[in-house]
Trainee: 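Quick one: the structure is below, and I'll ask about it shortly.
By convention in this document, chain letters (A, B, ...) are assigned in the order of the sequence lines, proteins followed by strands, and residues within each chain are numbered from 1.
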Amino acid sequence: MTVKTRFAPSPTGYLHIGGARTALFNWLFARHNKGQFVLRIEDSDVARSTEESAQAILEGMSWLGLDWDEGPFFQSRRFDIYRVHAERLLDEGVLAYRCYCTPEELKERREAAMKEGRPPMYDGRCRQRSDAPALPYAVRFKVPPGATSFKDLVKGGVSFDNSQIEDLVILRSDGTPTYNFCVVVDDATMNITHVIRGDDHINNTPKQMLLYRALGYDVPEFAHLPMILGSDRTRLSKRHGATSVTAYREMGYLPHALVNYLARLGWSFGDQEIFSPEELIEKFTLENVGKSSGVFNPEKLLWLNQHYIKSSPSGELREEFLSRLKALGVDASADPRLDAIIKTLLERSKTLAEMAESALFYFVEQVAFDEKSARKFLTPEAAPLFAELAEGLKALDAFTEEGIEGAFNDILDRKGLKLGKLAQPVRVALTGGTVSPGIFEMIAALGRERSVKRLEGAVEFIESAGGGGAAGGGN
RNA sequence: GGCCCUAUCGUCUAGUGGCCCAGGACGUCGCCCUCUCAAGGCGAAAACACGGGUUCGACUCCCGUUAGGGCCGCCA
């Protein structure tokens with residue numbers, strides 16, 4: 001039997017971190033076992049579902065690289081299938097029945113029960129009803145007595161007493177099917193072999209198993225993944241910060257970093273931390289999924305992101321980098337320095353957003369001097385150094401890191417200075433601030449023209465500042 | 001309140017009865033490297049929730065307590 005898993009989100013919001021991990025584990029399990037992965041949109045609650053959410057979820061999946069073999073199926077387009085199944089149960093007479101209680105009545109009873117400390121379960125009062133008033137009715141599944149247990153692939157043995165399970169509604173009074181019923185009909189008719197989902201669904205499992213049996217279908221395997229919690233150990237939600245996959249994309253995270261992080265949250269393979277998607281597929285098994293919930297740790301994600309950025313070939317990030325620059329007002333698509341520039345930024349950027357921002361100085365016409373840095377480093381003593389370096393750079397045969405270093409060393413030797421005494425002022429002259437990539441690689445990437453111009457501009461700046469001139473920039 | 005699940009460093013985790021006075025990673029701190037910032041290297045602090053069993057021997061098995069989470073909808 002070939003393995004078939006599914007991811008079945010409800011389109012009531014964006015793809016969030018928890019959903020993404022559920023999708024990932026389903027995908028990994030299917031790929032590892034050379035099986036199929038199905039995407040199904042659970043929009044049986046038509047009122048709450050939106051087209052945009054469904055679209056956002058598909059985009060999130062694609063961005064993460066989680067491709068599906070079948071679907072997306074939409075429950076809203078399968079209502080007749082559910083109705084046929086529900087009627088089958090109703091026809092049997094003993095498996096389902098019509099309930100004429102109104103939602104308002106039910107709510108009242110539930111609240112009363114809660115207040116008295118009783119379990120807020122439906123009491124089954126319409127079970128015995130033999131009349132058929134001309135009133136709206138919902139269809140309820142008649143939960144049989146006994147116990148329902150199963151062997152969860154991550155949690156182990158789980159058992160429920162059926163007396164704890166109420167007669168659930170499978171068809172609303174408007175004729176639409178409910179979640180627990182749709183899931184069963186869908187998973188059965190789509191031949192899902194392994195249901196892998198969040199453990200907030202573990203209580204639904206016995207209800208669904210009972211439904212499978214009533215319908216005469218085989219019960220699939222279940223694997224319930226522990227929840228992802230926020231730093232305060234409650235269910236991860238918006239107030240814990242960014243929780244949507246899209247948000248991480250926008251902040252400049254790489255999909256592999258997110259995938260790697262999510263995989264290691266709840267799953268492990270010895271001491272290994274870094275996994276390519278291929279490696280995850282090869283190594284992923286449900287046995288190595290932990291049973292306990294885990295706290296989402298943005299700092300570790302950030303570390304992974306930095307890891308993936310610094311180990312990316314510069315060409316791989318080019319497009320994304322360009323579009324981020326563009327958003328900052330820089331069109332660098334035709335700039336021949338592009339790859340060299342990216343290379344200088346690779347190992348000092350935690351996100352793509354940060355990378356684009358720290359690249360800005362390479363492209364601006366006028367360097368904006370940071371006031372404090374300028375006061376400290378753009379001094380009258382520095383001016384002749386800049387002039388000399390500008391000459392040295394002009395005279396270079398090859399404008400390479402080695403050549404540039406040579407030009408620096410000439411000056412250093414002549415003046416008897418340490419590199420720091422020259423590099424830091426030069427850094428301010430060229431970038432406007434005191435933080436940048438290594439001085440030689442940075443100058444090589446900046447280019448000869450601009451480096452010389454900016455040095456000369458800094459000399460002018462110093463001279464005019466000496467005469468009381470205003471702060472400005474070099475070229 | 002009832003039911004279900006869970007319990008190793010701050011966090012993610014390794015550990016499947018002796019290899020563990022518990023290993024790795026993020027984070028934190030210190031040192032080294034160093035032209036700044038990073039990266040990198042080295043090192044440090046940091047955990048088996050508690051109580052009973054079982055066993056020659058428990059982080060590992062069982063029971064209980066405690067704590068956390070989840071679910072109790074004509075939401076999914």
Side-chain angles (χ1 to χ4, degrees), chain A residues 8-12 42-45 47-49 75 99 101-103 106-107 110 113-122 136-140 152 154-156 158-161 163-166 168-180 182-183 198-206 224 226-227 229 231 233-235 261 264-274 288 290-304 306-307 310 345-350 358 373 408 418-428 431 433-440 442:
Chain A
S10 68
T12 52
E42 310 231 314
D43 57 351
S44 59
D45 184 358
R48 290 205 207 182
S49 303
Q75 291 185 327
C99 172
C101 301
T102 66
L106 293 168
K107 194 171 173 226
R110 204 159 33 234
M114 285 278 220
K115 214 152 71 185
E116 292 166 35
R118 285 181 290 116
M121 273 173 58
Y122 177 64
Y137 62 87
V139 177
R140 283 185 188 271
D152 190 278
V154 344
K155 302 278 188 184
V158 184
S159 184
F160 291 83
D161 194 316
S163 65
Q164 298 297 322
I165 306 170
E166 69 172 2
L168 58 145
V169 170
I170 58 175
L171 237 46
R172 302 183 184 99
S173 47
D174 65 1
T176 60
T178 60
Y179 164 75
N180 278 113
C182 294
V183 172
D199 71 8
D200 47 340
H201 283 295
I202 206 159
N203 298 288
N204 285 326
T205 307
H224 287 95
M227 301 266 84
L229 274 23
S231 49
R233 299 208 146 266
T234 63
R235 195 195 186 108
Y261 177 72
R264 276 291 284 102
L265 213 196
W267 173 84
S268 61
F269 191 81
D271 284 342
Q272 192 172 341
E273 295 287 349
I274 306 293
N288 290 327
K291 296 176 178 200
S292 53
S293 49
V295 174
F296 181 74
N297 183 346
E299 290 179 326
K300 187 158 184 183
L301 206 208
L302 193 59
W303 171 77
L304 272 164
Q306 181 170 34
H307 168 84
K310 76 169 181 254
L345 266 13
L346 246 25
E347 67 180 25
R348 53 201 102 227
S349 307
K350 290 189 194 307
S358 45
S373 310
F408 268 74
K418 302 265 278 177
L419 179 56
K421 291 291 177 197
L422 180 57
Q424 210 47 2
V426 168
R427 193 185 314 277
V428 176
T431 71
T434 52
V435 174
S436 89
I439 196 80
F440 307 129
M442 182 269 284

Trainee: Take nucleotides 25-30 of chain B nucleotide by nucleotide from the 5' end and write B, S or -, depending on whether a protein heavy atom sits under 4.0 Å from the base, only from the sugar-phosphate, or from neither.
Mentor: BSS---
Trainee: Can you name the residues that form a ring-ring contact (aromatic ring centres under 6.0 Å, His included) with A/Y122, not counting sequence neighbours?
Mentor: none
Trainee: Who pairs with A/D174 by side chain to side chain donor-acceptor pair (under 3.5 Å), at least two apart in sequence or on another chain?
Mentor: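 Once residues adjacent in sequence are excluded, the partners of A/D174 under the side chain to side chain donor-acceptor pair (under 3.5 Å) criterion are A/T176.
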Trainee: Go through B/rG1, B/rC4, B/rA38 for me and flag the one nearest to the A/I202 side chain.
Mentor: B/rC4
Trainee: Separation of A/L229 atom CG from B/rU11 atom P, in whole Å?
Mentor: 11 Å
Trainee: With sequence neighbours left out, write down each residue that passes side chain to side chain donor-acceptor pair (under 3.5 Å) with A/K421, or none if nothing qualifies.
Mentor: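 Applying side chain to side chain donor-acceptor pair (under 3.5 Å) to A/K421 gives none.
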Trainee: Sequence neighbours left out, what passes side chain to side chain contact (heavy atoms under 4.5 Å, CB included) with A/T431? Give chain and number order.
Mentor: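 Expected list: A/F361, A/R427, A/S436, A/M442.
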Trainee: A/D200: which residues meet the side chain to side chain donor-acceptor pair (under 3.5 Å) condition with it, sequence neighbours left out?
Mentor: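 Once residues adjacent in sequence are excluded, the partners of A/D200 under the side chain to side chain donor-acceptor pair (under 3.5 Å) criterion are A/R235.
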Trainee: State, yes or no, whether a side-chain contact exists between A/L229 and A/T234 at a heavy-atom distance under 4.5 Å.
Mentor: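 A side-chain contact under 4.5 Å is absent here.
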Trainee: Restricting both atoms to N or O, compile the protein contacts to nucleotides 42-48 of chain B shorter than 3.5 Å, with distance only.
Mentor:
none

Trainee: With a 4.0 Å cut-off on heavy atoms, is A/V426 in touch with a base, just the backbone sugar-phosphate, or nothing at all?
Mentor: nothing
Trainee: Mind checking what makes salt bridge (charged side-chain N to carboxylate O under 4.0 Å, His left out) contact with A/E166, not counting sequence neighbours?
Mentor: none
Trainee: Check side chain to side chain donor-acceptor pair (under 3.5 Å) between A/N203 and all other residues, then give those that pass, not counting sequence neighbours.
Mentor: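 Side chain to side chain donor-acceptor pair (under 3.5 Å) list for A/N203, sorted by chain: empty.
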